[in-house]
**Q** 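Below are the structure tokens for one structure; questions will follow.
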Amino acid sequence: MPSAEMTPASMREPEPVRAATAQPVQPTREDEVAAAGSELIGGPLGQRVLSGTSWWTPVRIVVLVAIGMFALGLVQKAPCYHSAWFFGASSQYTHACYSDIPHLYQGRGFADHLVPYFDKLPGDMGYLEYPVLTGLFMEVASWLTPHSGSIQHQEQWYWFVNAGMLMVCAAVVAVCVARTHRRRPWDGLLVALSPAFALTATINWDLLAVALTAAAMLMWSRGRALAFGVLLGLATAAKLYPVLLLGPLLVLCWRAGRWRQFGQAVAGAVVSWLVVDLPVMLTHDASGFHIREGWAKFYTFSEERGVDFGSFWLIWSQNSSNPPTTSFVNSAAMVLVVLCFLGVAALAFTAPRRPRFAQLAFLMVAAFVLTNKVYSPQYVLWLVPLAVLARPRWRDFLVWQACEVAYFLGIWLYLAYTTSGDAHKGLPTQGYHWAIVVHLLGTLYLCAVVVRDILMPERDVVRRAGEDDPSGGVLDGAEDAFVFGAASRPSPHTVRFEGPQVDWGKSATPAGNPGTPTGKDSSP
């Protein structure tokens, strides 16, 4: 096993190795938390274990564990399924089993056979406020729901049908994460055993976009840029956040000079998004084509929505005599996201070794989550697969998950407090603000660890095993074509790291110094 400990500068530099020839990584031999946890099932694998000789492959085990945890999440919703969704304003919060799914069955017209985006809804909402592919997912689930019996019976069935479809999405996420890093299939257990993943999987329909994004990451890791783009476009048609992955991919392809593959990815994303959205987006009358109001509802709702749960903007708003306006928060949040992207770009161009795609993807989505004006509990699903690929280390992952579970409980207890009248059962406002802070600090902690891994590649557990960027596809082992600052100079850790090395970037040319090779980066 490679060691991350520093060695004297006079020590001979290790010989480079090719990651493709290395054996699969066993987490119980490189992660002390995984090793300790394995004692529950007999302890770490021995030196003479024969892997790959059984039907129980790592990917199959990961999928079964994911389905088992998903089922536990369904059990956790049982108090609401039987009564709390239908009787009493606060009981669904005190039991922490709230879900949007049964409430929106009638509230968004599915019980009345209204067609999303085309039929106007009664009440103030007007039209369905979800992207088109998510709306189609919701509509298909309504087709599979028996439209007979009481409305409570129909809503129970609607949630149950959606849960079955979302379970397929959860299995897809687990498979894709387990297969993205070829030598690290057991990292998929981080997703499968994620407590926040199980608790939030059936709150809303986010798992559809998460599954498509995970599949896109898998396609990119296999060098299939067009398939990556198509899947990312579909994911963006289900939820807006996946489009953020094109930002990190842009700067990484720029640094590596892989413009053709980036162009294929963008083209695939644009075309697949248009194929889904155009039939719903445009309407035609005697004066020509127009943007359909129902299609635009998702975007207008996102813009007009005020400061909401889970954001630092809410803490500011509820503790200020002059709270920020929605217009100000929209503009400020956009500026913060742009600044974060510029920071990610600077990190990508100046890091001593080109960051891994999963690392920058996680940082970009995390930046959006941290600066957004709302953080619903299920948004943690966006980050889980990316966090596992960016930092597959049990200790850091569990620290972050503990913070997210604390927030999950905090928001429901706060809503219980606000809906229980004079009884005040639950968490008061100041207590909820602390739950938000815990969520923010947990996410910032994981971001800080990922940034440290980028600046000090010898601390990256993926690269310590002798790999470059197993989720990077054409970026894996590619030479640098455009770099700045420290990236154009030899890494200060070059001769101080003992462990397997990867041949990569042997004839790259730093920006501002054409014709000067950077030399082989021998950091892990």
Side-chain angles (χ1 to χ4, degrees), residues 63-116 121 128-175 191-212 214 238-239 376-382 384 408 411-412 415:
V63 170
L64 290 176
V65 172
I67 292 174
M69 284 293 290
F70 190 94
L72 290 178
L74 301 185
V75 172
Q76 190 267 335
K77 299 292 188 291
C80 279
Y81 179 85
H82 293 295
S83 63
W85 286 332
F86 315 105
F87 309 106
S90 64
S91 58
Q92 60 186 331
Y93 304 132
T94 56
H95 288 93
C97 55
Y98 174 84
S99 173
D100 287 325
I101 294 173
H103 297 299
L104 296 188
Y105 174 69
Q106 185 176 25
R108 296 300 178 267
F110 296 106
D112 300 320
H113 307 283
L114 300 182
V115 180
L121 302 173
L128 183 67
E129 74 278 24
Y130 287 86
V132 172
L133 201 58
T134 297
L136 177 60
F137 190 95
M138 300 163 73
E139 177 75 352
V140 169
S142 74
W143 295 342
L144 300 175
T145 300
H147 290 269
S148 59
S150 67
I151 189 63
Q152 176 182 335
H153 176 74
Q154 294 180 47
E155 289 178 352
Q156 287 173 323
W157 262 106
Y158 187 62
W159 177 83
F160 196 76
V161 169
N162 274 279
M165 296 167 66
L166 292 171
M167 184 174 66
V168 175
C169 294
V172 169
V173 173
V175 170
V191 173
L193 292 172
S194 166
F197 196 96
L199 290 170
T200 62
T202 58
I203 290 178
N204 203 278
W205 292 270
D206 294 63
L207 265 180
L208 173 61
V210 175
L212 289 168
K239 206 76 177 180
S376 298
Q378 72 274 9
Y379 288 4
V380 69
L381 298 170
W382 306 356
V384 169
F408 174 85
I411 187 172
W412 304 131
L415 288 170

**Q** Is it true that atom CZ of Phe160 has more than 12 heavy atoms of other residues, nucleotides or ligands lying nearer than 6.0 Å?
**A**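 Not more than 12 within 6.0 Å, no.
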**Q** Would you give the length of the straight line joining atom CG of Leu199 to atom CD1 of Ile203, rounded to the nearest 0.5 angstrom?
**A**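 Rounded to the nearest 0.5 Å, the CG-CD1 separation comes out at 8.0 Å.
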**Q** Within the 4.5 Å heavy-atom criterion, are Thr145 and Phe110 side-chain neighbours or not?
**A** no
**Q** Quick one: closest heavy-atom pair of Phe86 and Cys80, and the distance?
**A** CE1-O, 4.0 Å
**Q** So Tyr379 and Trp382, would you call those rings parallel, tilted or perpendicular, with 30° and 60° as cut-offs?
**A** parallel
**Q** Surrounding CD of Gln106 (heavy atoms of other residues, nucleotides or ligands, distance under 6.0 Å), is the total greater than 12?
**A**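 No.
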**Q** Would you call the rings of Trp85 and His103 parallel, tilted or perpendicular if under 30° counts as parallel and over 60° as perpendicular?
**A** perpendicular
**Q** For a 4.5 angstrom cut-off between non-hydrogen side-chain atoms, does Val168 reach Met165?
**A**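 SC-SC contact between Val168 and Met165 ruled out.
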**Q** Looking only at atom types and distance, does a side-chain atom of Thr134 sit under 3.5 Å from a main-chain N or O of Ala238, one as donor and one as acceptor?
**A** yes
**Q** Applying salt bridge (charged side-chain N to carboxylate O under 4.0 Å, His left out), can you list everything that pairs with Lys77, at least two apart in sequence or on another chain?
**A** none
**Q** Under a 4.5 Å cut-off applied to non-hydrogen side-chain atoms, are Leu207 and Phe197 in contact?
**A**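 A side-chain contact under 4.5 Å exists here.
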**Q** Report yes if some heavy atom in the side chain of Val380 is under 4.5 Å from a heavy atom in the side chain of Phe408; otherwise report no.
**A**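 Answer no - side chains too far apart.
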**Q** Could you go through the side chain to side chain donor-acceptor pair (under 3.5 Å) check for Tyr105 and Asp100 one step at a time?
**A** CA-CA 9 Å; Tyr105 174 69; Asp100 287 325; over 6 Å; no
**Q** Would you please test Leu133 and Leu212 for side-chain contact (heavy atoms from CB on, under 4.5 Å) and show each step?
**A** CA-CA 11 Å; Leu133 201 58; Leu212 289 168; 3.8 Å; yes
**Q** Please tabulate, for the side chains in residues 64-71, all donor-acceptor contacts under 3.5 angstrom to protein atoms that are two or more places apart in sequence or on a different chain.
**A**
none

**Q** Which heavy-atom pair separates Gly149 from Gln154 by the least distance, and what is that distance?
**A** O-NE2, 3.2 Å
**Q** Do the side-chain N and O atoms of Gln156 and Tyr81 include a donor-acceptor pair separated by under 3.5 angstrom?
**A** no
**Q** With the side chain counted from C-beta on, respond yes when Val161 and Val140 share a heavy-atom pair under 4.5 Å apart, and no when they do not.
**A**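 Sidechains of Val140 and Val161: no contact.
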**Q** Short question: side chain of His95, backbone of Ser91 - any donor-acceptor pair under 3.5 Å?
**A**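 Side chain of His95 to backbone of Ser91: a pair is present.
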**Q** Roughly how far, to the nearest 0.5 Å, is the CE atom of Met167 from the CG atom of Leu74?
**A** 7.5 Å
**Q** Could you check if a side-chain atom of Trp205 sits within less than 4.5 angstrom of a side-chain atom of Leu104, using non-hydrogen atoms only?
**A** yes
**Q** Can you confirm whether Trp412 is buried at CH2, in the sense that more than 12 heavy atoms of other residues, nucleotides or ligands lie under 6.0 Å from that atom?
**A**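 Check passes, neighbour count above 12.
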**Q** Using the test salt bridge (charged side-chain N to carboxylate O under 4.0 Å, His left out), find all partners of Glu129 that sit at least two apart in sequence or belong to another chain.
**A** Arg108
**Q** State, to 0.1 Å, how close Lys239 and Ala209 come at their nearest heavy-atom pair, and which atoms those are.
**A**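 Shortest heavy-atom contact: CB-CB, 3.4 Å.
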**Q** So, His147 side chain and Ser142 main chain: donor-acceptor pair closer than 3.5 Å or not?
**A** yes
**Q** Do you see a donor-acceptor pair shorter than 3.5 Å between the side chains of Glu139 and Trp143?
**A** yes
**Q** Distance-only, no hydrogens or angles: does the Ser99 side chain make a donor-acceptor pair with backbone N or O of Ile101 under 3.5 Å?
**A** yes
**Q** Taking all non-hydrogen atoms of both residues into account, name the closest pair between Val173 and Ala211 and its distance.
**A** CG2-CA, 3.5 Å
**Q** I need the Ile411 CD1 to Tyr98 OH distance, nearest 0.5 Å.
**A** 10.0 Å
**Q** Do Trp157 and Leu144 have side chains that approach each other closer than 4.5 Å (heavy atoms only, starting at C-beta)?
**A** no
